[in-house]
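Data block below; observations after.
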Number of protein chains: 2
Amino acid sequence: MSAHATHECVQLVPIFQELEASQLDTIESIVQHHHYQTGETLFNAEDSLDTLLIVAGGQVKVYQLAANGREQLLYLLQTGDIDGEAALFENKQRTSYAEALVPTDICSIRRDDFQQLMQQYPSISINVLNVFGKRLTQLEKQTTSTATESVEARLANYLTETAASLDVQAFKLPLKKKDLATFLGTTPETISRKLTRFEKQGLITQKPGKVIQINDADQLLLVE
Amino acid sequence: MSAHATHECVQLVPIFQELEASQLDTIESIVQHHHYQTGETLFNAEDSLDTLLIVAGGQVKVYQLAANGREQLLYLLQTGDIDGEAALFENKQRTSYAEALVPTDICSIRRDDFQQLMQQYPSISINVLNVFGKRLTQLEKQTTSTATESVEARLANYLTETAASLDVQAFKLPLKKKDLATFLGTTPETISRKLTRFEKQGLITQKPGKVIQINDADQLLLVE
DNA sequence: CGCTGATTTGATTGTTATCAATACAAGTGG
DNA sequence: CCACTTGTATTGATAACAATCAAATCAGCG
């Protein structure tokens with residue numbers, strides 16, 4: 001089971017695409033495995049940053065704390081996602097926190113090992129650059145959105161985007177309202193109210209089990 | 001003059017550190033030069049993204065537009081900064097706008113050329129990763145800050161950080177209030193009022209020529 | 001010196017956070 | 001399987017922060 005997981009780990013991750021089977025074997029041999037329970041902490045800010053994490057299965061929230069103690073959800077890591085960008089750099093300390101939202105399997109690669117891998121297989125660097133680029137683009141959009149749009153618009157956008165990326169009309173919110181709130185830069189109460197509002201306007205339907213059905217995506221996107 | 005500028009260009013940029021003089025020569029030979037007037041546009045969102053830009057001198061603001069048309073300043077590029085991260089990736093379109101704030105000199109490298117350089121000199125990839133990592137870290141902080149802290153706290157933080165990074169007590173605001181506002185996710189009016197407030201509290205002194213003097217950095221950081 | 005854009009100041013409004021209480025859901029242990 | 005406990009979500013009342021609109025003042029520049 002854990003031997004099998006090793007394979008999954010390396011194969012799951014886009015950054016190791018384009019590598020030969022033998023090269024994947026090399027990587028597999030240096031990967032370490034961990035399991036975390038729901039609510040368990042993967043790392044804290046101030047922790048030293050010396051490993052690259054690969055989510056082999058489960059779900060992890062990565063967040064920061066502001067000076068006033070409020071939480072900001074930055075990323076929701078899913079199977080195949082990686083974290084530890086700065087593991088590659090000079091930065092020696094983490095700036096965020098990570099917590100498992102469900103039982104989660106993690107593979108990790110030590111900083112030194114990974115740097116060697118990158119030297120050996122330049123395509124890995126390129127792939128990592130790609131991942132970073134996407135993350136930057138996503139974060140830029142999030143920054144723009146939280147800074148300039150209303151909570152209502154952000155929520156509407158989140159709903160339509162999530163539905164679109166899953167290619168469905170109805171989906172289950174992957175987060176507790178509390179976490180969704182810190183992701184969108186608002187409060188659980190406000191999310192509740194806005195969802196009720198959207199429902200009254202006929203834009204969505206709320207179903208049991210945190211399931212949201214999009215009725216009118218076009219109108220949702222027009223919400224200001 | 002322009003021949004001289006070429007050298008400056010490549011030498012300015014941290015991503016080309018660790019390269020031999022001969023290698024720098026190679027790069028110099030493929031770099032192109034541009035000059036922009038104040039207010040001139042370097043690129044727009046939707047533009048195809050096929051060059052890496054190096055700021056050889058001057059100042060450039062990089063911003064996005066939200067759905068509602070409001071502007072969000074993402075980066076203020078100074079001499080030696082680079083832009084065009086995604087130039088390295090699949091993303092073919094830009095998502096932001098760039099405008100020269102003062103007369104500005106730019107060197108550019110075409111996407112294909114740069115990708116070849118990276119293949120040739122892996123250290124460049126590593127350096128680019130470093131730049132990205134820092135940018136990600138900065139952006140994560142900005143996101144957290146705009147989403148969770150008050151305008152007052154963000155402004156106070158901006159002032160102390162800027163002063164600290166320049167290692168001075170008094171400095172000239174590098175941006176118009178309008179631009180600073182879009183950076184901090186607020187309005188020019190609010191910035192005016194908050195600065196007046198800080199001054200009344202004795203935390204800062206406003207001097208002619210957009211110069212701000214920090215009187216009590218410790219207290220400023222405690223602003224909520 | 002006059003013009004244009006930037007900044008300040010004032011009055012008002014609106015959105016959303018906050019506080020508080022209740023309802024609901026889920027998981028635990030008897 | 002039911003009561004109990006704990007965490008999560010909803011709803012309501014209120015307050016605060018900051019945006020907006022409008023007008024006046026100021027600065028920089030041709």
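Side-chain proximity of V151(B) to the nucleotides dT16(C), dT8(C), dA18(D) is greatest for dA18(D). Residue T190(A) places its side chain closer to dA17(C) than to any other of dA19(D), dA18(D), dA17(C).
Side-chain N/O atoms of S192(B) include none lying less than 4.0 angstrom from OP1 or OP2 on dT9(C). Taking side-chain N and O atoms only, R197(A) has no distance below 4.0 Å to OP1 or OP2 of dT16(C). For K176(B), no side-chain nitrogen or oxygen approaches OP1 or OP2 of dT7(C) to under 4.0 Å. For K210(A), no side-chain nitrogen or oxygen approaches OP1 or OP2 of dA25(C) to under 4.0 Å. For the pair K178(B) and dA6(C), the criterion of a side-chain N or O lying under 4.0 Å from OP1 or OP2 is not met. Phosphate proximity of dT11(D) to T196(A): present, with a side-chain N or O under 4.0 Å from OP1 or OP2. Considering only side-chain N and O atoms, T186(B) lies nowhere under 4.0 angstrom from the phosphate OP1 or OP2 of dA18(D).
Atom CG in L173(A) sits about 9 Å away from atom P in dA9(D), given to the nearest Å. Protein atom CD of Q206(A) is 6 Å distant from nucleotide atom P of dT10(D), rounded to whole Å. K177(B) places its NZ atom 13 Å from the C1' atom of dT25(D), with the value rounded to the nearest Å. Taking atom CG of residue L180(A) and atom C1' of nucleotide dT8(D), one finds them 14 Å apart after rounding to whole Å. In this entry the distance linking CG of D179(B) with P of dT7(C) reads 9 Å, nearest Å. Taking atom CD of E189(B) as the reference point, atom P of dA6(C) lies 13 Å away to the nearest angstrom. Across the protein-nucleic acid pair, E71(B) atom CD and dA19(D) atom P stand 15 Å apart, rounded to whole Å. For the pair E224(B) CD and dA17(C) C1', the interatomic distance rounds to 14 Å; values are reported in whole Å.
Ion pairing between a basic and an acidic side chain is recognised when a charged N comes within 4.0 Å of a carboxylate O; D83(A) and R94(A) show such pairing. Of the charged side-chain nitrogens involved, at least one lies within less than 4.0 Å of a carboxylate oxygen, so that E161(B) and K141(B) count as a salt-bridged pair. One finds no salt bridge joining R154(B) and E149(B) here, because no Lys/Arg side-chain nitrogen approaches an Asp/Glu carboxylate oxygen to under 4.0 Å. One finds a salt bridge joining E71(A) and K61(A) here, because a Lys/Arg side-chain nitrogen approaches an Asp/Glu carboxylate oxygen to under 4.0 Å.
Nearest-nucleotide mapping onto DNA chain C: of E152(A) and L175(B), the residue sitting toward the 5' end is L175(B).
G185(B) comes within contact range of the sugar-phosphate backbone alone, with a heavy-atom separation under 4.0 Å but no base atom that close.
Side chain R193(B) to base dT20(D): a donor-acceptor pair is found below 3.5 Å.
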key: Derivation and outcome, salt bridge (Lys or Arg N to Asp or Glu O under 4.0 Å), residues R197(B) and E152(B)   = CA-CA 10 Å; R197(B) 190 153 201 263; E152(B) 212 166 309; 2.6 Å; yes

